[in-house]
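Only one structure is covered here, and it is reproduced in the block below.
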Amino acid sequence: MTELVGLSKMTKAPEMTGNFPEPIFPESFNSLIIKSVKKVLSLTYNLFVLFLLVGLPILLFYFSEINYDETIDSGRTLLVDDQETWYELISGNYSVTANDTLLHGDIVTFNYFGEIGEVTYSDTHCESDTTDEYGYVESGDCWTTYYTYYTFEFFNQTLETNSNSLPKFYFCHKTLCEIKFSVIDTNGVPLVSIIQANEVNS
Amino acid sequence: MNLSWQNDEALIEIYNEIDNLAFERKLRPIVFIIATNRKFDLTSFEQSLSESLKGSAICNIKGLMHLFVGHTNFIPSQNKCDFLSVKKVKMDSPELNKKDDIGCIREFQRKLARKACENFENPIIVIMDDDLRFESLMLENEQLKLGYPFSYVHEIYNFSNQFECDVALGSVTGSPPLPATSCMRTFLQDFLSAEIQKNNSENWNELDYYYDLSETRNNWDAWKIIQKPDVSQNNAEYFLNQMFFTCSKNRPLIISQLPSNKVPYETVTRGGNTVIYNSKYITEIVHPKLPRRGDAIWAILALEKNAKILKFSAPLYHDRDNETYNASNLKQRMVDDIFGASLQRAMLQNLDDFEKILGNRIKRQLETIHDCLRLINLIENTYAKKRGIIGTFWGLTKKEQKVFIKTAKSKLVYLQKHLINYSLTICKNVEKGTILAKSLRYDLTKVMIK
């Protein structure tokens, strides 16, 4: 009979645990750089998605508001004479119009004589209150912004214009001028923008 | 070693002598015993047996080879091998419906063995698993090939002529007979290594080269990839199946020398390939109802009853390619294997050490899972400059790499949690195992084997 290997050799194996060396990975890019680039790309992508989901509807809404205004823009070019007769430019000719109410978008030319007044508005914004480490409540600071509008009379109503228009017509204070303006806002006191003003030699 | 024994003159001569003894009716009958609750492929079994015996005169002898099949599923009524008689026995125990309950199946195999002993005179009983076949996996020019370098049936007779023994415990080629949790770190070692230049030719002779939890393994280095998938198969699923089911296809078990050249040694490591020369040991000794490692514990009991148990030098081929991984089965197989292997060790050493052995094994398995998770996290943050070779992680597409990482990570975390929960019940399991071992030994005292 052939000599056999004894069972004892098999059962008294040394207590060893697995000791794998690290697998050798392929040549790789710097993971920190890749991660940073990935983060940037991911952020860009997320922002883009956010823009598509949130920004785009807001922009559409915003522009649609302008479009809305434009749709009610009168498109009228008017001339109001000293007798307060309103003429509208239609096909190159002025025709008398019965609608003598200022509308958004109207471009109006008229002769003005009078004073240019000013009115100051303010807008106050307060920061929220804070509580300090001892529990005392400190009131937030308030900031007030002042801005001046300039007024002039258009027949029986007062018009306002902002400081951007002032250089264009300041010389009309107590001086006869032909003023051309466009109507920007008709809510409350009508807000207009001076397009052109010329002194009239009487 | 030839791919077919029919080309080996020396073997032909030995096998001719055995064939002559068969014609003289001087050989003991062989009864193959298979019990399974899976679908048994009888055609494939017969085909494989016929191929292994091709060219041998033993195929002309009737009444020498028999197959007893215990089954729960359909089996074809006709068999094609004239030399093989097939007896089918329906298994109807409700316990057998539980998938993977190897303990119950082994017990049914004992019943079939008793039937075989009643029907035949002094049979040699071969107890084998349903997924084993008669071919062998071997190396030819650094490539893995399936062949028939020996005839399993002839080797059974040849072995009994050379060595005196009651039981011969055979091994397998192909997939290791272990839960994949015992091989997954080794799989990752090859799979994650970018490129290994050194050939594997010397590695195949090393001990336990596929086994993470081995206590005798010396070499833990990565092996060169020799089993590459086709381009159509080069996906995450192909490799996940190896990691969580079949073990690495790059390191299967192979036969490196003919059975006749091997020197058998004493062993109790029993799997699905068992040759019983003294049938009393299988009919008299109760098989422990353990889902895993119960056969090795049976071998210890047989050894304690003075059985002469040797390593059988002819392996069978173990093929797991017909199934895919199942995470729920795997976690159960993992803890069953840890429990069974620890009890086996404790019964060999000292039953009082069972708790220590079980605790140590759980710890090592947890370390393995943790290390696998660490590697998966590492590859997740590695950005290779170019595509690697097919057969490695680096040869997968980016999309498949992501699938592999995601799936592997979730499966590993799942296994880790299950094992941690299991470790909390260690006292209960030690008590269960100790009572089982003591009761088996008590029953053994009543067994009389001449």
Heavy-atom pairs under 4.5 Å with chain A: which of B:Tyr383, B:Phe393, B:Tyr211 has the most?
B:Tyr383
Please determine, among B:Thr392, B:Asn381, B:Asp190, B:Leu188, the option with the most heavy-atom pairs under 4.5 Å with chain A.
B:Asn381
Whether over 12 other heavy atoms sit under 6.0 Å from A:Gln157 CD:
yes
Could you label the plane-to-plane angle of the B:Phe191 and B:Phe187 rings as parallel, tilted or perpendicular, counting under 30° as parallel and over 60° as perpendicular?
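Rings of B:Phe191 and B:Phe187: parallel, as their planes differ by under 30°.
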Return the orientation label for the A:Phe152 and A:Phe181 ring planes: parallel under 30°, perpendicular over 60°, tilted otherwise.
perpendicular
Answer whether the closest heavy-atom distance between the side chains of A:Asp141 and A:Trp143 falls below 4.5 Å.
yes
Can you say whether [X] sits under 4.5 Å from chain A via the side chain, the backbone, both, or neither, judging by heavy atoms?
{"X": "B:Ile309", "value": "neither"}
{"X": "B:Ala384", "value": "both"}
{"X": "B:Arg374", "value": "side chain"}
{"X": "B:Thr186", "value": "both"}

Heavy-atom closest contact (B:Asp371 atom, B:Arg185 atom, distance):
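What the structure gives for the nearest pair is OD2-NE, 2.6 Å.
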